[in-house]
Amino acid sequence: MQYSDKVMDHFMNPRNVGEIEDASASGTVGNAKCGDIMKVDLKIEDNVIVDAKFKTFGCGSAIATSSMATEMIIGKTVEEALSITNKAVAEALDGLPPIKMHCSLLAEQAVKAAIKEYYEKTGRLNDENKALFDMLEEDPH
Ligand code: FES
């Protein structure tokens, strides 16, 4: 299996690893089949993600995509972050082997789970936007 240099870099030197003590919201998701787990903490100020940290108990592709996903969402509004798909994260890493694409879904789901919690906490989850979080119910495999 061939991994891009960027995947290897983000796997060997993951960015934004850790936890945010006073996080605005957190999302934890797991993949039932491989057992991998990912937690993302977000610090949100004025609707902008000012910090993001993750902890991933999982494979190299899951770690690399978590690292890249946190880099991509810092500085974005929550709505912009919601529109970042796992495919966009994988592309930013110069691609993932097809059988590893599901690993990148875990990062997208963790970010979405955290933003869903933020919407719930701030009373913004409603009938119109709740469909944005439907993919949290999807099986990543
Ligand atoms: Fe489980 Fe990659 S094998 S997330």
Side-chain angles (χ1 to χ4, degrees), residues 1-45 47-141:
M1 196 175 314
Q2 192 66 39
Y3 289 107
S4 73
D5 290 347
K6 276 193 194 167
V7 171
M8 288 310 291
D9 178 33
H10 279 264
F11 168 57
M12 303 294 275
N13 311 289
R15 328 305 195 253
N16 307 311
V17 173
E19 288 176 294
I20 300 175
E21 267 190 26
D22 56 344
S24 311
S26 309
T28 302
V29 293
N31 180 315
K33 291 218 174 94
C34 65
D36 291 352
I37 299 168
M38 188 179 300
K39 175 169 180 265
V40 168
D41 290 341
L42 301 179
K43 181 84 186 148
I44 301 168
E45 285 170 9
N47 208 45
V48 173
I49 296 169
V50 293
D51 198 10
K53 295 243 185 299
F54 79 91
K55 278 197 166 168
T56 294
F57 180 81
C59 74
S61 297
I63 290 168
T65 47
S66 314
S67 168
M68 180 55 92
T70 51
E71 284 221 307
M72 288 169 78
I73 62 173
I74 291 172
K76 300 257 183 356
T77 67
V78 288
E79 287 74 27
E80 286 168 341
L82 274 178
S83 69
I84 296 175
T85 63
N86 70 311
K87 287 195 184 69
V89 176
E91 270 165 30
L93 287 167
D94 293 336
L96 281 172
I99 63 157
K100 287 302 205 174
M101 273 306 285
H102 70 271
C103 312
S104 64
L105 207 49
L106 213 53
E108 182 183 343
Q109 285 183 320
V111 170
K112 288 219 159 94
I115 294 176
K116 185 179 185 192
E117 186 183 279
Y118 177 70
Y119 271 29
E120 282 167 350
K121 277 186 177 173
T122 52
R124 289 169 60 187
L125 193 65
N126 58 38
D127 284 347
E128 271 167 50
N129 61 31
K130 73 176 196 293
L132 291 170
F133 305 103
D134 281 353
M135 59 87 71
L136 290 174
E137 313 303 325
E138 277 171 32
D139 183 346
H141 275 260

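One-based numbering, in listed order, for ligands and for the atoms of each.
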Undergrad: Is any side-chain heavy atom of L132 less than 4.5 Å from a side-chain heavy atom of K112?
TA: no
Undergrad: Could you check whether any side-chain heavy atom of K53 comes within less than 4.5 Å of a side-chain heavy atom of T70, counting everything from C-beta outward?
TA: no
Undergrad: So for atom CG, which belongs to D5, do other residues, nucleotides or ligands contribute more than 12 heavy atoms lying within a distance under 6.0 Å?
TA: no
Undergrad: Is it the case that N47 and T77 place a side-chain donor and acceptor less than 3.5 Å from each other?
TA: no
Undergrad: Answer yes or no for C34: is there an N/O/S atom below the 2.8 Å cut-off from atom 1 (Fe) of ligand 1?
TA: yes
Undergrad: Is the NZ atom of K121 crowded by more than 12 outside heavy atoms at less than 6.0 Å?
TA: yes
Undergrad: Give the numbers and elements of all ligand 1 atoms closer than 4.0 Å to a heavy atom of K100.
TA: 2 (Fe), 3 (S)
Undergrad: Residue-level breakdown please: for D36 versus ligand 1, do any non-hydrogen atoms fall below 4.0 Å on the side chain, on the backbone, on both, or on neither?
TA: side chain
Undergrad: Restricting to N/O/S atoms, is C59 within less than 2.8 Å of atom 2 (Fe) of ligand 1 or not?
TA: yes
Undergrad: Is C103 close enough that one of its N/O/S atoms sits under 2.8 Å from atom 2 (Fe) of ligand 1?
TA: yes
Undergrad: Determine whether the side chain, the backbone, both or neither of K33 has a heavy atom under 4.0 Å from any heavy atom of ligand 1.
TA: neither
Undergrad: I'd like to know whether the aromatic ring centres of F11 and Y3 sit less than 6.0 Å apart in this structure.
TA: no
Undergrad: Taking a cutoff of less than 4.0 Å between a non-hydrogen atom of the residue and any ligand atom, is M38 in contact with ligand 1?
TA: no
